[in-house]
Amino acid sequence: MKGGKSIMEKKLYRSEKDSMIAGVCGGIAEYFDVDSTLIRLLTVIFILLGGAGVLAYIIAWIIIPKNPGQVSDDKLDKREESKEKIKKEAEEVVEEVKE
């Protein structure tokens with residue numbers, strides 16, 4: 001039990017942090033507290049054994065919502081860049097006002 005929550009208390013979401021295509025495998029891995037590589041490997045095996053894995057993945061992509069409490073590393077980096085840009089521009093405005 002990751003974080004002390006039972007499976008009944010958890011909700012299934014697509015992962016923002018552990019995402020390669022849409023976060024489906026990463027979200028399933030987080031839900032069951034297993035390595036996402038294992039889930040991805042099983043998905044590839046299902047796809048190669050008849051193609052049902054593709055349909056299942058697409059359906060899961062549509063049905064499973066994104067995790068609202070997670071922010072991907074890319075989004076976090078963009079936020080930090082925006083903060084730095086705003087800070088720099090604010091400092092420039094302060095310097096102009098002082099002159």
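Heavy-atom basis, side chains included; hydrogens, waters and symmetry copies ignored. Treat the numbers as computed from the prediction; the structure is a model and nothing was measured. All residue numbers in this chain count up from 1 along the given sequence.
Distance CG/Asp33 to NZ/Lys10: 5.5 Å, rounded to 0.5 Å. Atom CG of Leu41 sits about 10.0 Å away from atom CG of Asp35, to the nearest 0.5 Å. To the nearest 0.5 angstrom, Arg40 atom CZ is 6.0 Å from Cys25 atom SG. We find the CD1-CG distance between Ile63 and Leu12 to be 10.5 Å, quoted to the nearest 0.5 Å. Distance check, rounded to the nearest 0.5 Å: CD1 of Ile21 to OH of Tyr57 gives 4.5 Å.
Of the possible polar contacts, one joining the Arg14 side chain to the Ile64 backbone as a donor-acceptor pair under 3.5 Å is found.
Using a 4.5 Å cut-off between side-chain heavy atoms of Ile, Leu, Val, Met, Phe, Trp and Tyr, with links allowed through other members, Val44 and Ile58 fall into different hydrophobic clusters. Residues Tyr31 and Ile62 fall into different hydrophobic clusters, defined by Ile, Leu, Val, Met, Phe, Trp and Tyr side chains chained together at heavy-atom separations under 4.5 Å. Both Trp61 and Ile28 belong to a common hydrophobic cluster when Ile, Leu, Val, Met, Phe, Trp and Tyr are linked at side-chain heavy-atom distances under 4.5 angstrom.
Of all heavy-atom pairs between Ser36 and Gly26, the closest is CB-CA, 4.2 Å.
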